[in-house]
Amino acid sequence: MKKLTYIIENLAVENIIGTTNIVVSELCFDSREVKSGSCFFAVSGTNVDGHSFIESVVENGVIAVVCEILPKKLSKDITYIQVKSSSYALGVCASNFYGNPSEKLKLVGITGTNGKTTTVTLLHQLFMKLGYKVGLLSTIENKIDDRVLSTTHTTPDAIKLNKILSDMVDEGCTHAFMEVSSHAIVQHRIAGLRFTGAIFSNITHDHLDYHKTFDAYLKAKKTFFDELPKTAFALSNIDDRNGEVMLQNTIAKKYTYALKSMADFRCKIIENSFTGLHLLINQSDVYCRLVGTFNAYNFLAIYATAILLGEDSQNVLAIMSNLQTAEGRFDTVKSANGTIGIVDYAHTPDALENVLSTINNVRNNNETLITVVGCGGDRDKSKRPIMAKIACKMSDKVILTSDNPRTENPQTILDEMNKGVDFQCKFKVLTICNREEAIRTACMLARSGDIILVAGKGHEKYQEINGMRTYFDDKEKLVTAL
């Protein structure tokens, strides 16, 4: 419980009607969750406008309302606070309500299309092994030290996020590493947080169903860096053509990392195999269990972040050589006859191309590479033919199948993917709508030593069809079929 005066501290307020000298029991933005004594934030969402519920939440016992437009009918017992953006206000107020937890630990966020989960997961592992208590916020799981919490979004809403950060502080965490999605930035879920550092991995074609244009998607990522404090560090991959763009307007301390360009932190791949990478990082030899060029970038970002957080270089490299990859990220299994199965979360054209490039760079070309891939429903449709085209170009055999069709007809999605299959590639493509059957077919087609990539779902333990989620684990299905 906190006084409203304290909760709205540092918030740009346009108008206040009523007293702020009241005690608020909790914050909420979902009208179904309001309780007596709470403060309601009328947030304009994608499908629902919270302003339409102000009258009903007042009847249900809220004592304060934060809104962009004041209701025509005002209650004399309610405090109304008018702001420019209710979603931004929610972030600032949630941080204040939980005692500004992000200021009490070293919070590092990573944004980019690919590599976020792997990077934060490995940073969490690394700093645990360095002896710290560490928090993690990722798409796979949220952790407070060793305690695992469930997660439904890349970044939780502002209230849940600050509650988790507050719990981390209470349990003695000194560091926290989190994925920062473009949705979370635009929706102000990270408003009010104070970051010690930010990492940019890369940016490619993704989430255009939400952002509409690539420029809007790029701007969302850049906003994260633009709003960093001058005490923070901004670390960017300048091998990505937009890496320099991220650093243009930030007042944070700027650092770069790269494999191909001159940068503050550099890495060279000495050897790349299915057992791992041999790297030269800033003139130091290091071996790691991760595979592929994209993981060399992740590994370098992790190393650079640790150094920028004040850790010893040789100590960091020694520990990093034993780190394990995140679940569902180039997750490898091997059958008794030597068939290699790989499960990867690659669900964008760039991510699929990266994982297939990695496999093709490592293989000796005597094996057949079979790729099983689909595209999600109710998402960016333009990438469907592109994904199929990449799979055909870089694989010996391809099985197009369902991913999470959601509310769309899975056959319609597959028809759109098939538009990307060139005439000369049609002989090596099968279309099997049932994902389990597709994985089983790939295993039946594979001979000793062949490689099977099951792409798109990675760590997910469900398949979403017509709004219903049923248990489905790609790795489990692959292991059983092999």
Side-chain angles (χ1 to χ4, degrees), residues 12 29 41 43-50 68 83-92 109-117 119 137 139 152-158 161 178-193 195 198-228 232 234-252 254 345-354 375-387 390 404 406-408 416:
F29 63 93
F41 290 76
V43 175
S44 301
T46 307
N47 302 311
V48 180
D49 186 351
E68 296 163 15
V83 294
K84 185 177 181 181
S85 168
S86 296
S87 59
Y88 187 86
L90 178 61
V92 174
I110 177 169
T111 196
T113 307
N114 304 311
K116 296 189 297 294
T117 301
T119 302
L137 292 130
T139 45
T152 55
H153 298 90
T154 308
T155 314
D157 67 65
L161 179 53
M178 68 179 289
E179 294 184 48
V180 178
S181 68
S182 54
H183 292 68
I185 297 167
V186 171
Q187 294 167 8
H188 304 303
R189 286 185 241 158
I190 60 169
L193 298 185
F195 286 89
I199 308 164
F200 170 72
S201 60
N202 50 62
I203 189 166
T204 59
H205 189 109
D206 197 18
H207 297 309
L208 299 194
D209 54 308
Y210 180 82
H211 296 287
K212 306 305 179 189
T213 67
F214 183 81
D215 186 60
Y217 180 45
L218 176 66
K219 187 178 179 181
K221 302 287 188 189
K222 187 175 180 299
T223 300
F224 178 38
F225 285 82
D226 291 349
E227 295 180 353
L228 290 171
L235 175 66
S236 185
N237 171 16
I238 56 165
D239 279 347
D240 186 285
R241 61 185 182 142
N242 289 298
E244 293 279 10
V245 174
M246 294 296 141
L247 301 177
Q248 281 176 354
N249 304 110
T250 185
I251 60 171
K254 302 174 185 179
Y345 188 52
H347 61 286
T348 66
D350 181 67
L352 183 61
E353 188 169 0
N354 278 341
C375 287
D378 301 333
R379 298 292 187 271
D380 183 6
K381 295 183 179 182
S382 64
K383 69 182 181 184
R384 293 171 184 175
I386 300 171
M387 296 274 285
I390 290 169
N404 290 318
R406 299 184 177 88
T407 63
E408 284 194 69
E416 291 177 357

Item to check | Spacing of CG belonging to Asn242 relative to CZ belonging to Phe200, to within rounding of 0.5 Å | outcome: 6.0 Å
Checklist entry - Does Ser86 use its side chain to pair, donor to acceptor, with the backbone of Phe41 at less than 3.5 Å? => result no
Checklist entry - Is there side-chain contact between Leu193 and Leu161, with heavy atoms separated by less than 4.5 Å? => result yes
Item to check | Spatial distance of atom CD (Gln248) from atom NZ (Lys254) [nearest 0.5 Å] | outcome: 8.5 Å
Next on the checklist: Can you give me the closest heavy-atom contact between Phe224 and Ala198, atom names plus distance?
Outcome noted: CE2-CB, 3.5 Å
Checklist entry - Side chains of Ser44 and Asp49: donor-acceptor distance under 3.5 Å anywhere? => result yes
Next on the checklist: For the backbone of Tyr88 and the side chain of Arg189, can you confirm whether one donor and one acceptor N or O come within less than 3.5 Å of each other?
Outcome noted: no
Checklist entry - Between NZ of Lys381 and CD1 of Ile386, what distance do you get to the nearest 0.5 Å? => result 15.0 Å
Next on the checklist: Between Asp380 (side chain only) and Ser382 (backbone N and O only), is there a donor and an acceptor less than 3.5 Å apart?
Outcome noted: yes
Checklist entry - Can you find a pair of side-chain heavy atoms, one from Met178 and one from Ile190, that are under 4.5 Å apart? => result yes
Item to check | Lys116 side chain to Ile110 backbone, donor-acceptor under 3.5 Å | outcome: no
Next on the checklist: Set out, in order, the CA-CA distance, both residues' side-chain angles and the distance that settles side-chain contact (heavy atoms from CB on, under 4.5 Å) for Thr139 and Glu179, then state yes or no.
Outcome noted: CA-CA 8 Å; Thr139 45; Glu179 294 184 48; 3.2 Å; yes
Checklist entry - Can you name the closest pair of heavy atoms from Gly112 and Ser201 and give their distance? => result CA-OG, 3.4 Å
Next on the checklist: Among residues at least two apart in sequence or on other chains, which ones pass side chain to side chain contact (heavy atoms under 4.5 Å, CB included) with Asn249?
Outcome noted: Lys222, Asp226
Checklist entry - Does one side chain, of Ser236 or Glu244, offer a donor that lies under 3.5 Å from an acceptor on the other? => result no
Checklist outcome for this item: Between Ile390 and Pro349 the two heavy atoms that sit nearest each other are CD1-O, 3.4 Å
Checklist outcome for this item: Residue set satisfying side chain to side chain contact (heavy atoms under 4.5 Å, CB included) with Ala232, at least two apart, ordered chain then number -> Leu228, Pro229, Ala252
Checklist outcome for this item: Taking every heavy atom of His188 against every heavy atom of Ser87, the minimum-distance pair comes out as CD2-OG, 2.8 Å
Checklist entry - How would you list, by chain and number, every residue that makes a side-chain hydrogen bond (donor to acceptor under 3.5 Å, both in side chains) with Asn354, sequence neighbours excluded? => result Asp350
Checklist entry - Under 3.5 Å, side chain of Asn202 to main-chain N/O of Asp240, donor-acceptor pair present? => result no
Checklist entry - What distance do Thr111 atom OG1 and Lys221 atom NZ have between them, rounded to the nearest 0.5 Å? => result 3.0 Å
Next on the checklist: For Asp378, is there any backbone N or O sitting under 3.5 Å from a side-chain donor or acceptor partner on Glu408?
Outcome noted: yes
Item to check | Lys219 NZ: over 12 foreign heavy atoms closer than 6.0 Å | outcome: no
Checklist entry - Has the side chain of Thr250 got a donor or acceptor atom that lies under 3.5 Å from a matching backbone atom of Phe225? => result yes
Next on the checklist: Quick check on side chain to side chain contact (heavy atoms under 4.5 Å, CB included): which of Leu235, Ile238, Asn237, Leu218 does Met246 satisfy it with?
Outcome noted: Leu218
Next on the checklist: If I take atom CE from residue Met387 and atom NE2 from residue His347, how far apart are they, to the nearest 0.5 angstrom?
Outcome noted: 8.0 Å
